[in-house]
Number of protein chains: 2
Amino acid sequence: MMARAEHKAGPDLREACLAEALVIISNAGVEKLSIREVARRIGVSHQAPYRHFASRNHLLAEIVRRAFADFAQALRGPAPTDDPAADALAMGFAYVQFAFAEPLKYRLMFGGTLPDPVDHPDMMQGARDAFDVLRNSLIRLYSARGQQPDRETIDREALFAWSSLHGVVSLMRTDAIGTLDLAPSARADFVAHALRQVGTALGINTSGQEPHRGSS
Amino acid sequence: MMARAEHKAGPDLREACLAEALVIISNAGVEKLSIREVARRIGVSHQAPYRHFASRNHLLAEIVRRAFADFAQALRGPAPTDDPAADALAMGFAYVQFAFAEPLKYRLMFGGTLPDPVDHPDMMQGARDAFDVLRNSLIRLYSARGQQPDRETIDREALFAWSSLHGVVSLMRTDAIGTLDLAPSARADFVAHALRQVGTALGINTSGQEPHRGSS
DNA sequence: CAATGGTGGTTGACAGTGTCAACTGATTGC
DNA sequence: GCAATCAGTTGACACTGTCAACCACCATTG
């Protein structure tokens with residue numbers, strides 16, 4: 001009688017799983033992601049996803065991998081002009097914008113609940129790509145000043161820039177910032193201000209824009 | 001025959017649970033923390049901890065609360081001298097040092113898997129305290145320069161400093177930094193360099209220490 | 001064409017989890 | 001002395017990930 005529900009999703013069950021997993025994560029958080037729930041929603045047996053993902057973490061790792069890839073792409077987004085300083089700032093904005101436009105992905109990438117990268121070597125490829133984008137932007141920046149810093153210097157500055165941006169976004173997203181009783185405008189300006197400060201530390205003087213406190 | 005194991009822990013079962021939970025978390029990560037495992041290790045029934053904690057998250061929230069309290073204490077640690085700039089830098093070091101000395105607690109606080117602060121109002125008290133410590137340090141810093149910035153400015157700068165430090169530590173801890181192929185010395189100097197850069201952005205010129213790149 | 005094997009799906013178990021409910025033994029206040 | 005409360009117990013229930021065995025189909029070969 002072949003009653004058995006007609007082998008639902010076809011060959012794209014893998015994609016369906018990934019899509020549904022994203023829905024779950026965005027609704028209930030990553031820790032609520034369960035393979036059984038994914039299967040249930042798709043209308044397929046609880047074991048079916050295991051044909052496509054060796055474990056829950058493998059499913060999650062694939063989602064994270066794509067998130068990193070998107071992230072790297074977003075950083076590559078602003079086409080380079082002939083002003084490396086402006087480009088660097090644009091990349092900073094792109095970073096923050098991505099974090100706000102795709103909070104889900106961002107949280108996935110930097111939220112700390114990643115599957116162990118050792119078990120999922122490809123997962124972090126996008127992270128490496130993104131870091132290269134940042135490195136290159138800094139190299140252009142230095143080179144426009146007639147400097148040719150060595151790799152250590154570049155890596156140091158890149159790490160600093162990245163970590164500052166990450167810290168900014170991270171504090172924004174953490175509930176920590178919600179529980180601090182901040183002056184309202186401070187919270188609003190926070191991102192722009194932090195970007196400006198990072199620029200300052202890297203020796204970019206935000207063109208035309210006078211720093212609003214007189215010192216230095 | 002009163003065989004029932006002699007009501008083990010006494011009134012400090014609560015403390016025993018917290019201690020054992022810390023062991024579990026440090027060995028296997030926070031997501032492996034389970035009330036049943038805690039109970040099992042202490043040698044008590046799987047339901048006993050519920051006398052002291054309404055749920056697994058309440059147990060976790062108490063651990064997090066103490067971690068934040070310790071953190072605030074660590075930031076208060078360096079006694080203020082008469083050099084606010086040096087004090088601010090010392091606080092930066094204290095921040096990073098805490099993160100390295102107590103990676104477990106730090107990960108708990110900023111790892112992103114916190115119980116919802118709305119359900120655990122006291123949990124973040126230490127975070128607010130720590131932020132106040134930072135605010136005060138900056139106020140002293142400005143005031144030593146003869147400035148009296150308003151609260152928005154202070155909050156902005158405090159957020160920037162905090163987020164940068166957090167970003168630094170966060171990248172250090174994330175496996176992300178492990179998967180980037182960095183110049184080795186860049187990784188080693190990273191923290192010191194970032195602290196210096198944050199100081200630069202805040203207008204602190206690290207005394208006697210010439211910035212190693214010539215510009216401005 | 002028939003046998004074969006892989007591929008994608010199924011059901012059924014098992015151990016582990018959080019948590020509700022009902023119970024028991026001791027301690028304590030009246 | 002006795003009721004109440006506290007601290008811990010056992011026993012369930014629903015949920016999870018994952019292993020194992022099974023089944024249906026499709027494409028391949030012989």
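Straight-line distance from the NZ atom of Lys32(A) to the C1' atom of dA14(D): 12 Å, rounded to whole Å. Here dG8(C) presents its P atom at 11 Å from CZ of Arg14(A), a figure rounded to the nearest Å. Taking atom CD1 of residue Ile35(A) and atom P of nucleotide dT18(D), one finds them 6 Å apart after rounding to whole Å. For the pair Phe53(B) CZ and dG18(C) P, the computed distance is 14 Å after rounding to whole Å. The nearest whole Å value for the distance from the CZ atom in Arg41(A) to the P atom in dT16(D) is 11 Å. In this structure, Glu31(A) atom CD and dG18(C) atom C1' are separated by 14 Å, rounded to whole Å. To the nearest angstrom, P of dG8(C) lies 15 Å from CD1 of Ile42(A). Distance CG (Asp12(A)) to P (dT7(C)): 18 Å, rounded to an integer number of Å.
If you check distances only, the side chain of His46(B) does reach the base of dG11(D) with a donor-acceptor pair under 3.5 Å. Donor-acceptor pairing under 3.5 Å, judged by distance alone, is present between the side chain of Arg36(A) and the base of dT18(D). Side-chain N/O atoms of Arg51(A) and base N/O atoms of dG9(C) include a donor-acceptor pair closer than 3.5 Å.
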Enumerate all atom pairs, one protein N or O and one N or O from nucleotides 4-6 of chain C, separated by less than 3.5 Å.
none

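Taking all atoms of both residues into account, the shortest heavy-atom contact from Met123(A) to Pro117(A) is CE-CA, 4.0 Å.
Put simply, Arg40(A) has no side-chain N or O that comes within less than 4.0 Å of OP1 or OP2 on dA14(D). Phosphate contact (OP1/OP2 of dT16(D), side-chain N/O of Ser34(A), threshold under 4.0 Å): present.
Centroid-to-centroid, the aromatic rings of Tyr106(B) and Phe98(B) stay 6.0 Å apart or farther. Between Tyr95(A) and Phe71(A), the ring center distance clears the sub-6.0 Å criterion.
The side chain of Tyr50(A) has dT18(D) as its nearest neighbour among dT18(D), dT9(D), dT10(C).
Applying the side-chain contact (heavy atoms from CB on, under 4.5 Å) test to Arg66(B) and every residue at least two apart in sequence or in another chain returns Glu15(B), Leu18(B), Glu62(B).
The backbone N or O of Ala161(B) sits nowhere less than 3.5 Å from a side-chain atom of Ser164(B) that would complete a donor-acceptor pair. For the pair Arg135(A) (side chain) and Ala158(A) (backbone), a donor-acceptor distance under 3.5 Å is absent.
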Side chain to side chain donor-acceptor pair (under 3.5 Å) between His166(B) and Ser163(B): does it pass, once the steps are laid out?
CA-CA 5 Å; His166(B) 171 58; Ser163(B) 62; over 6 Å; no
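When each of Ser45(A) and Glu37(B) is assigned the nucleotide of DNA chain C bearing its nearest heavy atom, the one mapping closer to the 5' terminus is Ser45(A).
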